[in-house]
Every structure is written in C-alpha cells, then in structure tokens.
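Report on the following structure.
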Amino acid sequence: MRHSLTRRLTHAAIIGGAALSLAGCGINSVPTAEEKAKAKWADVQAAFQERANLVPNLAAVAKGAADQEKGILVGVVEARAKATSIQISGNDLNDPAKMKQFQEAQNQLSGSLAGFGRLLANVEAYPELKSITNYQMLQSQLEGQENRIRITLRDYNGAVQEYNTTIRTFPDAVGAKIFYGAKPMVPYQASTPGAEVAPSLEGKM
C-alpha cells in the first residue's frame, strides 16, 4: 500500500514537473502572444476599413470642386478600391511580401487623401462646400479615423515585438521551434519618417 502510494505520488510529481517544464518552453506563452498580435491586426484592418468607408462621403463634398480638379477625387476612389482589395489574415503576418503589398496600397490611399485635403484647403474657392451640413462632421471623422489608425498600428507593432521576442528568447524559443515552427511576424512600417503620426486636417478640409 505504502509503495503504491509512493509510486503514485512520484508519478504525479513527474507529470507535474513535465507540465511546468513544457509551460516554461513556450507551450502557452507562444500561442498567447500570437493570438494577441492577430487580435491587434484585426483592429488595424478595421480602422483602415472604416477610413475607406468615409471615401464615398468625400464624393459629396467634392461636388463643389471644378471639373478639372475632380481628377484628384478619381485618384482617391481608385486608391480606395485597391486598398480594400488587399486583405491580410492573421496567418499572413509573417509574410513580408504580403505585408509590403498591403502597406503600399494603404500608403497610396493616404497620399490620395492628403492631395484631396490640399484641394479643399482654400474653401473660399468653393463656396458650395459651405452649404454642406456634414462638412465639419466629415472633417472630424477623418481626423478621428487617422488617429485611430495610428493607435491601432502602434498597438499592433507592440504586440508583434512581444511575440517576436517571445519566440527568440529562452526558454520559450524551444517550444516555439519544436512545437510551432514559429516565424517572426512583420511589423507595420511607416513609408516616410513621421508617417505614423496622424496628420492634422485642420484648415486643410
């Protein structure tokens, strides 16, 4: 009886020790960090999509612009179509090529929106704009959305850094390699210095 109890206790201790050893080798920390990064990326995509959803409202604002200047709006609409056609799932976050493609499309839309803002900078040239009741609301929505994009990108990059650090440091790196074949995720990089800071549209729209 005593030997049987001793064996059971020893067996339980071995199992417990093995579990703790595995837990310390990234069994839990790696997928936890991965899922966190994927969740943050979902926030990034939602923020970009919400910005894209505001583009149709720009068409209404642009009705007061001269015909030859509406080409800028056409560029915005085309950039929006391209940006929304490229989607990256959580399983693609370790693919630099796909991330670059997504970033380039979003950067193109950002540039087009900046050009549209410059077009409407001198509202005195477009008195019709002043009669649009949602003009100020649209300006506020765009500024707010740019801020949200900046925040979600910062949070995503933070989660990616945490994940990449986890899979590269001991002892989590052991489990990351053996059990998951984990690869580093790609952070979202600004195309130009300071581009991660939300631009102010005050006086530009």
Side-chain angles (χ1 to χ4, degrees), residues 33-65 72-90 92-93 96 98-124 126 129-130 132-165 185-205:
E34 180 183 25
E35 291 304 316
K36 180 180 179 181
K38 288 181 177 179
K40 295 300 181 183
W41 178 250
D43 292 340
V44 169
Q45 288 192 304
F48 276 126
Q49 183 60 53
E50 287 176 12
R51 181 179 69 171
N53 291 344
L54 290 174
V55 171
N57 295 335
L58 296 179
V61 173
K63 287 180 180 179
I72 296 179
L73 177 62
V74 172
V76 171
V77 174
E78 291 178 350
R80 174 191 185 273
K82 182 176 181 180
T84 54
S85 69
I86 301 174
Q87 297 294 323
I88 296 182
S89 71
D92 297 325
L93 295 179
K98 290 184 178 180
M99 180 63 77
K100 181 180 180 181
Q101 185 181 31
F102 181 88
Q103 288 177 182
E104 289 177 346
Q106 294 300 335
N107 290 338
Q108 184 178 351
L109 178 54
S110 296
S112 297
L113 288 171
F116 189 83
R118 287 191 294 271
L119 168 65
L120 300 180
N122 184 10
V123 294
E124 295 298 327
Y126 307 104
L129 295 179
K130 296 181 180 179
I132 299 176
T133 57
N134 67 346
Y135 177 75
Q136 293 295 331
M137 182 180 298
L138 178 58
Q139 175 183 336
S140 177
Q141 287 175 335
L142 284 170
E143 289 180 346
Q145 201 54 42
E146 291 294 344
N147 276 322
R148 187 186 172 202
I149 288 172
R150 176 178 59 84
I151 292 170
T152 58
L153 287 176
R154 181 194 64 194
D155 291 346
Y156 166 72
N157 282 344
V160 166
Q161 181 181 22
E162 180 180 337
Y163 171 79
N164 288 346
T165 300
M185 290 185 176
V186 183
Y188 195 99
Q189 298 180 354
S191 58
T192 55
E196 72 279 5
V197 179
S200 173
L201 301 179
E202 187 66 30
K204 297 181 181 180
M205 283 200 59

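Every heavy atom of this structure was used, including side-chain atoms; hydrogens, water molecules and symmetry mates were not. One-based numbering along the sequence shown.
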How long is the span from the [atom1] atom in [X] to the [atom2] atom in [Y], to the nearest 0.5 Å?
X    : Y    : atom1 : atom2 : answer
M185 : K40  : CE    : NZ    : 13.5 Å
D155 : R150 : CG    : CZ    : 10.0 Å
E143 : E146 : CD    : CD    : 9.5 Å
R51  : L113 : CZ    : CG    : 5.5 Å
D43  : I151 : CG    : CD1   : 11.0 Å
N157 : E162 : CG    : CD    : 13.0 Å

How close do [X] and [Y] get, counting heavy atoms only, and between which atoms?
X    : Y    : value
A37  : A159 : CA-CB, 3.7 Å
I86  : A105 : CD1-CB, 3.7 Å
P187 : M99  : O-CG, 4.2 Å
V76  : L109 : O-CD1, 3.8 Å

Do the ring planes of Y188 and F48 sit parallel (below 30°), tilted (30 to 60°) or perpendicular (above 60°)?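 Ring orientation, 0 to 90° scale: tilted.
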Is it the case that the side chain of Q145 and the backbone of A47 share a donor-acceptor pair, with hydrogens and angles ignored and the cut-off at 3.5 Å?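 Yes, Q145 side chain to A47 backbone: donor-acceptor pair under 3.5 Å.
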Taking the side chain from Q103 and the backbone from Q189, do they hold a donor-acceptor pair closer than 3.5 Å?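 Yes, the answer is positive, given that a donor and an acceptor are paired below the 3.5 Å cut-off.
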Any pair counted as side-chain hydrogen bond (donor to acceptor under 3.5 Å, both in side chains), so long as it reaches residues 72-83, sequence neighbours left out: none
Under the ring-ring contact (aromatic ring centres under 6.0 Å, His included) test, which residues partner Y156, sequence neighbours left out?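 By the ring-ring contact (aromatic ring centres under 6.0 Å, His included) rule, Y156 matches W41.
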Under the side-chain contact (heavy atoms from CB on, under 4.5 Å) rule, what do V160 and L93 come out as? Steps first, then yes or no, please. CA-CA 9 Å; V160 166; L93 295 179; 6.0 Å; no
If we count only N and O atoms by modelled type, under 3.5 Å, do the side chains of Q87 and Q45 hold a donor and an acceptor together? yes
For D92, side chain to side chain donor-acceptor pair (under 3.5 Å) partners two or more places apart: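 Scan of D92 (side chain to side chain donor-acceptor pair (under 3.5 Å), adjacent residues dropped) gives S89, K98.
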